Protein chains: 2
Amino acid sequence: MSERKPRAGQSRTTLSDVANHIGVSAITISRALNKPELVSEALRQRIDDAVQLLGYVPNRAARALASAKSHSVVVLVPSLSNTVFVDTLAAIHDTLHPAGYQMLIGDTRYSPQAEEKLLRTYLEYNPDGILITGFDHTPTAQTLLQTAAIPTVHMMELAEQGDSPCVGFSQYDSGYALTRFLLDKGYRRIAFLAAQLDPRTLKRGEGYRAALREAGLYQPQRELAEASPSSVGLGSRLLDRLLLQAPDCDAVFCNNDDLALGVLFQCQRRQIAIPQQLAIAGFNGLDASAWSNPSLTTVDTPRYDIGKAAASMLLQLMAGKTPVATRVDLGYQLLARDST
Amino acid sequence: MSERKPRAGQSRTTLSDVANHIGVSAITISRALNKPELVSEALRQRIDDAVQLLGYVPNRAARALASAKSHSVVVLVPSLSNTVFVDTLAAIHDTLHPAGYQMLIGDTRYSPQAEEKLLRTYLEYNPDGILITGFDHTPTAQTLLQTAAIPTVHMMELAEQGDSPCVGFSQYDSGYALTRFLLDKGYRRIAFLAAQLDPRTLKRGEGYRAALREAGLYQPQRELAEASPSSVGLGSRLLDRLLLQAPDCDAVFCNNDDLALGVLFQCQRRQIAIPQQLAIAGFNGLDASAWSNPSLTTVDTPRYDIGKAAASMLLQLMAGKTPVATRVDLGYQLLARDST
DNA sequence: TTGCCGAATGTTAGCGCTAACCTTCGAGCA
DNA sequence: TGCTCGAAGGTTAGCGCTAACATTCGGCAA
């Protein structure tokens, strides 16, 4: 009578190993580790010692399977290399990790299709919650999100309709406000430079356009957009192109501080006096913009706080509680500096 | 005779649901999805249709438990908000994701203690591989890594002894080379500004010191280090402090392009001509350094390639293969520009 | 003394999947 | 004709953990 071969080699120490070691049942060990208050002080101490001694490390997969909870959260951002999202990610990490949640980070590369694919993949992990950027999803992705019925918080933008939980600020308003600020300063021929044409960039552009149209000063040739990622070098190049197609500009609204810095450097090279001949405004409040010469006017965005608030809201939702607010507008801050 | 209550509510579609639907056994569905070549064309098609129809999503936890493979890789970096590591992370993502591996990203905040804690936590996920930054680990962490016997690749630095798999470049050499370059250019009173005193920064500092000592030109008061994170603002402040304690410097080696940019801006403010009165060199080859006025001499480091190579090597190791090389030196590139 | 209660621990049965071995069946060959 | 062989699919038994219910036992009110 041949015995069947058991699975695999000698694996790690398991719960039952610990249980056998001190002569109790496995469930007691489980309880001692997860709900210590259910186990008597003395026994708990013995268990802790045995865990230490045997070097027991729980197996998350088994726990997830048995409890139907993965203690993981999917986080989908458009880019891993953009400071904007990195700050938000850091905040999410800082909030979720202490609460015992693992982040599953996905980089959608600004593509709703890629996002849909990632979402599908990550649903296999049976996440307890989802943090997703914006509202620009494919119909299939929206269906996936709905049918999965997993608590979800949208970041960076605010829902324009419906009551999806969201944390962010109005991209449109911020674009409008910065343009309005330039108008109030007396600038009349204001250009707009944009890169990485994601929905948030586009909404800021709409704000820009609306403000200028209101003032009767909108001119399409003063708008310049490029789909490639934002960078300092691109800012320099875009300025050259702008001055070709609209040489009479008196101010430039750059959709990103990277671009603004590039524009600034290029102006220095072309001996264009800032802000006398040309005013420059950036966006996002990056560190460098405060220290350049002249310092750059910019709109500071609450990236870290958005991550913090979104993660906190998600923790509430995952705990089955109703958050105080499911639509959190964290605003933005216009920092007027020497470049305007 | 009371029946025992079954677990939980109606959960998602499972393998057996699909199997029942088309009247085969569960293992066949499993095979059709994981090793399609073992299932006949016709049946496979029917299975694919049923999967689609029923909206079946595999459960990773169950798969991990049954197969003793998690298809996940732990990635530990010192900071989530430092461009240096972000580029590396992006490369790792680009390499591991297509291969079906999930990243578990941990932010050690430059602390070996925090790293040890993260490592302990992440081992619960039974990762198939580990990517870790540098070689500066606590003794306990080293023991954990050894006893876990999980393929591990160290990033950014090169092993000085032993044969731990690693991908990076010599931090010491790069610091030495940049200093040597400044000496060759004729600078004699070269300062060193550093922030975020991690092991890599310190090694570059050693390279700097060695080069100057060799030339008989080392002066401790020309070295200025600050433990806080690197930033443009800090660069400006450090320059002010440097000029107080060593006003006669003729060149500054900044450990990071952020600092270098801050120094550059501050020099502009103080009317210090660059490179005539003071030369500036940075480190890491950030985008902005190429476009500033004057453009900044820097050492370009292969951050993306390190991530790529480390992840590839890890894939090899996880597949049980022996990589061509387990010690990959990707070098660095000195970019001589106008600031020196 | 009885009976009830609740704190502490145990028993049983899966969670959803796959490793390992087993069966079936038709093709190919001597 | 008998045999082998491999492709295609099935059976069984867990992986390590925890939900749900069960048991034990000392304390204590009636």
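Keep in mind the model is a prediction, meaning the values are calculated, not measured. Just so we're on the same page: letters track the sequence lines, and every chain starts at 1.
Checked against D:dC17, D:dT11, C:dG16, the side chain of B:L65 finds its nearest nucleotide in C:dG16. Considering only side-chain atoms of A:R63, the nucleotide from C:dT9, D:dC15, D:dT18 that sits closest is D:dT18. Which of D:dG16, C:dT9, C:dC17 sits closest to the side chain of A:L43 comes down to C:dT9. Comparing atom distances between the B:S67 side chain and each of C:dA19, D:dG16, C:dC17 picks out C:dA19 as nearest. Comparing D:dT18, C:dT18, C:dG16 by their closest approach to the side chain of A:A66 singles out D:dT18.
No more than 12 heavy atoms of other residues, nucleotides or ligands shown are found within 6.0 angstrom of CD on A:Q161.
A search for ring-ring contact (aromatic ring centres under 6.0 Å, His included) contacts involving B:Y101 returns B:H71, not counting sequence neighbours. Listed by chain and residue number, A:E124 satisfy the salt bridge (Lys or Arg N to Asp or Glu O under 4.0 Å) test with B:R60 (two or more places apart in sequence, or in another chain). With sequence neighbours excluded, the residues satisfying salt bridge (Lys or Arg N to Asp or Glu O under 4.0 Å) with B:D87 are B:R303. Qualifying ring-ring contact (aromatic ring centres under 6.0 Å, His included) partners for B:Y125, counting only residues two or more places apart in sequence or in other chains: none. In terms of the ring-ring contact (aromatic ring centres under 6.0 Å, His included) criterion, residue partners of B:H93 (sequence neighbours excluded) are, by chain and number, B:H97. Looking at residues two or more places apart in sequence or on another chain, you find a salt bridge (Lys or Arg N to Asp or Glu O under 4.0 Å) between A:D198 and A:R200. With sequence neighbours left out, the salt bridge (Lys or Arg N to Asp or Glu O under 4.0 Å) criterion links A:R44 to A:E41.
Here B:N34 reaches the OP1 or OP2 of C:dT18: one of its side-chain N or O atoms lies under 4.0 Å away. A sub-4.0 Å separation between OP1 or OP2 of C:dA7 and a side-chain N or O of A:S40 is absent. For D:dA19, the OP1/OP2 oxygens have a side-chain nitrogen or oxygen of A:K35 closer than 4.0 Å. Residue A:S25 places at least one side-chain N or O closer than 4.0 Å to OP1 or OP2 of C:dG10. Put simply, A:Y56 has a side-chain N or O that comes within less than 4.0 Å of OP1 or OP2 on D:dC17. Between A:T28 and C:dG10 there is a side-chain N or O to OP1 or OP2 distance below 4.0 Å.
The stretch residues 45-55 of chain A has no heavy atom under 4.0 angstrom from DNA chain D at all.
Nearest heavy-atom pair, B:Y122 versus B:I105, reported as atom, atom and distance to 0.1 Å: OH-O, 3.0 Å. Nearest heavy atoms, A:I47 versus A:I22: CG1-CD1, 3.4 Å.
Rotation axes derived from the C1' atoms of the five outermost pairs at either end of the helix from C:dT1-D:dA30 to C:dA30-D:dT1 lie 40° apart, to the nearest 10°.
Computed from coordinates, the A:L15 CG to D:dG14 P distance equals 18 Å when rounded to whole Å. Rounded to whole Å, the distance from CG on B:L123 to P on D:dG16 is 16 Å. Atom CG of B:L38 and atom P of C:dC21 are 16 Å apart (whole Å). The distance between atom CG of B:L33 and atom C1' of C:dC17, rounded to the nearest whole Å, is 11 Å. The distance from atom CD of B:E37 to atom C1' of D:dG6 is 15 Å, rounded to the nearest whole Å. Nucleotide C:dG10 holds its P atom 9 Å from the CD1 atom of A:I29, rounded to whole Å. Here the C1' atom of nucleotide C:dC15 and the CZ atom of A:R60 are 17 Å apart, to the nearest Å. Protein atom CD of B:E124 is 15 Å distant from nucleotide atom P of D:dG16, rounded to whole Å.
In this structure a side-chain-to-backbone donor-acceptor pair under 3.5 Å is present from A:R327 to A:A159.
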Enumerate the protein-to-nucleotides 23-25 of chain D contacts in which both atoms are nitrogen or oxygen and the separation is below 3.5 Å.
none

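Toward the 5′ end of DNA chain C lies the nearest nucleotide of A:E41, the other residue of the pair A:I27 and A:E41 mapping further downstream. Remark on DNA chain D: of its neighbouring residues B:G23 and A:A62, the 5'-side contact belongs to B:G23, judged by nearest-heavy-atom nucleotide.
Looking at B:R31, its side chain comes within 3.5 Å of the base of D:dG10 through a donor and an acceptor atom.
The side-chain hydrogen bond (donor to acceptor under 3.5 Å, both in side chains) analysis of residues 45-55 of chain B, with sequence neighbours excluded, yields the pairs B:Q45-B:D49. Counting only residues at least two apart or on different chains, no ring-ring contact (aromatic ring centres under 6.0 Å, His included) pair has a member in residues 32-66 of chain B.
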